[in-house]
2 protein chains.
Amino acid sequence: MASRLPASFTRFSAQNLAILGPLRSGAADSKADLAKVTGLSPSTITARIDELIGLGHVVEVGDGVSRGGRRPRTLALRRDAGIVGCVDLGVDRTSIGLVDLSGALLARGDLDLDISSGPDLVLAEVWSALKALLASDSEHSRRLLRGVSVGVPGPVSSESGRVVAPSRMPGWNGTDVARILGGIAGVPILVNNDANLMAVGEFASGDRTEPNQVFVKAGSGIGCGIIARGELFVGSRGAAGDISHVAVPDAPPVPCSCGRYGCLDALASGNALVRELQNAGLEVANVEAMIALARDADPVATRLLREAGSMTGGVLASIVNFFNPGRLIVGGVLSQSEVFVAGVRSTLYAQCLPMATDQLTITTPLRPGDCGLLGAGTVFLDRLFSEQGL
Amino acid sequence: MASRLPASFTRFSAQNLAILGPLRSGAADSKADLAKVTGLSPSTITARIDELIGLGHVVEVGDGVSRGGRRPRTLALRRDAGIVGCVDLGVDRTSIGLVDLSGALLARGDLDLDISSGPDLVLAEVWSALKALLASDSEHSRRLLRGVSVGVPGPVSSESGRVVAPSRMPGWNGTDVARILGGIAGVPILVNNDANLMAVGEFASGDRTEPNQVFVKAGSGIGCGIIARGELFVGSRGAAGDISHVAVPDAPPVPCSCGRYGCLDALASGNALVRELQNAGLEVANVEAMIALARDADPVATRLLREAGSMTGGVLASIVNFFNPGRLIVGGVLSQSEVFVAGVRSTLYAQCLPMATDQLTITTPLRPGDCGLLGAGTVFLDRLFSEQGL
DNA sequence: GCGGCTTAGTCCATTATCAAACAAAGTTCC
DNA sequence: GGAACTTTGTTTGATAATGGACTAAGCCGC
């Protein structure tokens with residue numbers, strides 16, 4: 001029976017999902033493994049796999065290595081059975097990418113887009129760039145676009161899916177990105193906060209053995225994404241991880257856009273640092289320029305970055321005590337600055353209980369530039385291969 | 001077939017658990033409901049229920065009210081099929097109780113026990129008091145004791161189950177409470193942090209529709225328990241919720257037992273307040289006396305309690321921004337003081353993002369004196385009726 | 001290079017589950 | 001008060017999953 005590519009995804013049965021899950025995550029890659037991992041009987045596995053192969057979702061990809069007996073026939077998800085568009089909207093730069101059904105990044109590109117141009121214009125440009133990326137390779141365009149997953153630099157309501165009160169996205173308040181982009185593209189759209197997606201991306205492509213992780217995105221703004229028990233945690237309204245307006249301990253009362261004083265965002269965000277440098281008379285266009293300046297041993301830039309790291313670490317100390325994660329990932333543009341990361345580390349260790357930190361790993365992302373896109377892809381695929389479907 | 005009481009719990013099958021779950025939580029109380037809730041077919045439900053009735057775990061308890069057709073025959077968990085001992089160890093007072101298999105508190109009592117007497121002495125007294133409570137009513141003693149669930153006022157490692165670095169339990173560091181008490185009692189023992197158990201107790205007996213809750217136990221010390229996605233969250237090492245040594249924003253640098261300055265525990269815990277009152281020349285024996293003083297409009301006690309509430313609220317503001325819970329419960333002895341709770345409320349609302357608070361309920365516990373015991377019972381029963389078993 | 005051992009995967013009778021029809025018990029409304 | 005409709009629960013033939021025996025394929029040691 002020749003396996004054809006599935007034209008559309010009928011929602012999978014619970015049993016098929018039980019098989020696709022381990023195959024997707026790499027927890028199993030043969031029928032024997034699947035039987036062990038899922039607890040289903042070998043005969044059931046055979047039947048389900050036959051069906052999935054017939055449907056075009058799974059393929060046999062050759063023999064594995066023997067573990068002392070007959071060697072297994074390795075199975076794999078049909079990664080070319082579709083393609084997913086990924087978008088990481090930033091304040092002045094947007095990344096787009098394509099992932100296959102295994103979640104691997106096939107292509108990516110960057111767009112200089114000013115987010116304050118508003119939803120309609122930005123999303124139209126994003127879609128035409130995605131179409132161009134799809135057309136750039138006949139391999140890609142042959143595959144069916146299953147949908148697009150978008151990350152935005154602001155809070156996303158978990159009920160409505162709308163962007164809510166985004167301080168860095170003027171003109172986007174209340175925007176239903178899924179409806180607008182879905183209207184142009186005609187495929188399912190998922191929308192999430194960008195830091196949340198980065199957390200997912202880093203979790204999926206990094207250490208999956210640690211189920212409790214916090215990903216800090218320190219860029220022009222500061223936010224974080226939370227992985228609890230191996231799943232993205234968004235809180236009751238979808239606002240979890242928004243630490244922009246947490247008060248920094250022992251910090252000067254700098255006024256913040258939220259109307260209060262001494263918020264993390266007003267003190268340690270890339271935006272705040274650039275502003276402060278400019279006030280000090282230095283010519284820095286953006287956060288990247290500031291980091292470059294610090295790399296060239298500019299004393300003011302270096303001091304500011306270290307202090308920002310320290311303040312961020314002070315806030316994260318509370319969070320680490322409260323949440324007790326096993327892994328803390330410091331990402332975002334600022335994490336390219338060693339001084340910043342060092343500041344985070346030192347203050348965090350100084351202010352945390354030993355019990356909270358002695359098993360804590362603090363790292364930077366494995367793929368700093370890609371984890372947002374990878375997370376977008378993962379979130380989409382997790383949903384596609386879930387009971388909920390799309 | 002006469003249903004006899006089951007002598008022991010064979011571990012339940014996944015399918016039986018799917019039925020026991022809704023019966024236990026009250027999500028279903030008839031075969032028709034169960035079919036709807038579990039998604040299993042009515043015939044399967046009939047077969048499983050027959051088995052569970054035969055095993056003595058479920059009983060028919062009469063007819064329900066009609067909803068426009070034949071009236072359902074209501075089913076219920078056999079709550080008298082066993083009994084669970086619950087212990088809430090405190091620094092100078094310990095509560096004990098008995099719950100039936102539905103989690104309802106059947107009896108309770110309090111012991112004046114100084115926790116610094118050490119594990120062996122304290123646990124021996126606890127066990128003899130539990131035995132006395134069991135013997136106090138022939139109804140209770142007839143039921144089989146399935147195990148004991150213990151809450152301790154200190155961190156419990158999620159790997160080893162041992163008490164780790166407990167600042168308020170001198171002589172208990174590294175103690176394996178389950179082994180010691182299990183050795184005397186000869187039944188399975190579960191051990192958890194007390195604030196965690198209170199969070200579970202309040203969640204189980206309170207608003208179960210809100211899956212993300214934070215319970216703050218403000219007593220002689222300050223800790224909290226976290227419910228994430230409807231389940232207790234303990235973090236990677238079991239230390240989640242330990243906010244004792246979180247730095248209070250804008251607070252005086254009072255030295256703390258942890259070696260740093262300005263920790264919540266050193267500033268706003270019942271212990272800290274009593275000490276400060278004593279330093280001010282007032283004669284207060286303990287936290288209860290201080291609260292009574294404030295109730296009698298003593299200006300110093302009142303001011304201290306309000307400030308403590310405000311500082312606690314300041315720390316909780318960060319946590320609410322980060323975790324975005326739908327419900328925050330302020331419990332522990334200090335929550336009996338209206339001034340304290342008012343301080344928490346006002347500072348929290350002042351320092352949180354509107355998005356994090358506009359759907360947030362802040363309350364005191366429904367049953368302030370019982371939620372620790374109820375939580376202990378719930379944790380034990382959840383484990384008993386889980387795939388893991390005991 | 002050939003039995004004995006281990007692992008992988010299939011076949012088949014037994015068992016559990018399902019969907020649909022049916023029976024039981026009540027409500028509603030003319 | 002009785003016909004039509006609702007909800008609850010059981011029965012039954014069809015379907016799907018299971019466990020165990022069986023075949024396939026490769027490793028190991030002598």
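From a predicted model like this one, the values you see are computed outputs, not experimental measurements.
For the OP1/OP2 pair of C/dT17 and a distance below 4.0 Å, the side-chain nitrogens and oxygens of B/Gln15 include at least one atom meeting the criterion. Note on A/Lys31: every side-chain N or O is 4.0 Å or more away from OP1 and OP2 of C/dT7. Contact check, B/Ser41 against C/dC18: a side-chain N or O comes under 4.0 Å of OP1 or OP2. For A/Ser43 and C/dT10, the shortest distance from a side-chain N or O to OP1 or OP2 is not below 4.0 Å. At the phosphate of C/dG26, OP1 or OP2 sits under 4.0 Å from a side-chain N or O atom of B/Arg71.
The CG atom of A/Asn16 sits 13 Å away from the C1' atom of D/dA17 (whole-angstrom rounding). As a whole-Å value, the separation of A/Arg73 CZ from C/dG9 P is 6 Å. Put simply, CD1 on B/Ile49 is 14 Å from C1' on D/dT8, counting in whole angstrom units. Look at CZ on B/Arg70: it is 6 Å from C1' on C/dA25, rounded to the nearest Å. Going from atom CD of A/Glu51 over to atom C1' of D/dA17 covers 13 Å, rounded to whole Å. Rounded to an integer number of Å, the gap from CG of A/Asp63 to C1' of D/dA24 is 12 Å. Look at CD1 on B/Ile19: it is 13 Å from P on D/dG9, rounded to the nearest Å. With rounding to whole Å, A/Ile53 atom CD1 is found 13 Å from C/dG9 atom C1'.
In this structure, the nucleotide among D/dT8, D/dA17, C/dA8 sitting nearest to the side chain of A/Lys36 is C/dA8. You'll find that the side chain of A/Arg48 is closest to D/dA17, out of C/dC18, D/dA17, C/dA8. Distances were taken from every side-chain heavy atom of B/Ser66 (C-beta onward) to each of C/dG26, D/dT8, D/dG26; the shortest belongs to C/dG26.
Checked by atom type, the side-chain pair A/Thr363/A/Thr361 shows no donor-acceptor distance below 3.5 Å.
For the pair A/Ser30 (side chain) and A/Thr74 (backbone), a donor-acceptor distance under 3.5 Å is absent. A donor-acceptor pair under 3.5 Å is formed between the side chain of A/Gln213 and the backbone N or O of A/Asp207. A distance-only check finds no donor-acceptor pair linking the side chain of A/Arg146 to the backbone of A/Leu101 [under 3.5 Å].
Toward the 5′ end of DNA chain D lies the nearest nucleotide of B/Gly69, the other residue of the pair B/Gly69 and B/Asp50 mapping further downstream.
Nucleic acid contact for B/Pro72: sugar-phosphate only, since backbone atoms but no base atoms lie under 4.0 Å from a heavy atom of the residue. B/Ile45 comes within 4.0 angstrom of nothing in the nucleic acid, heavy atoms only.
Among B/Ile83, B/Leu373, B/Leu105, the one residue that satisfies the side-chain contact (heavy atoms from CB on, under 4.5 Å) test with B/Val99 is B/Leu105.
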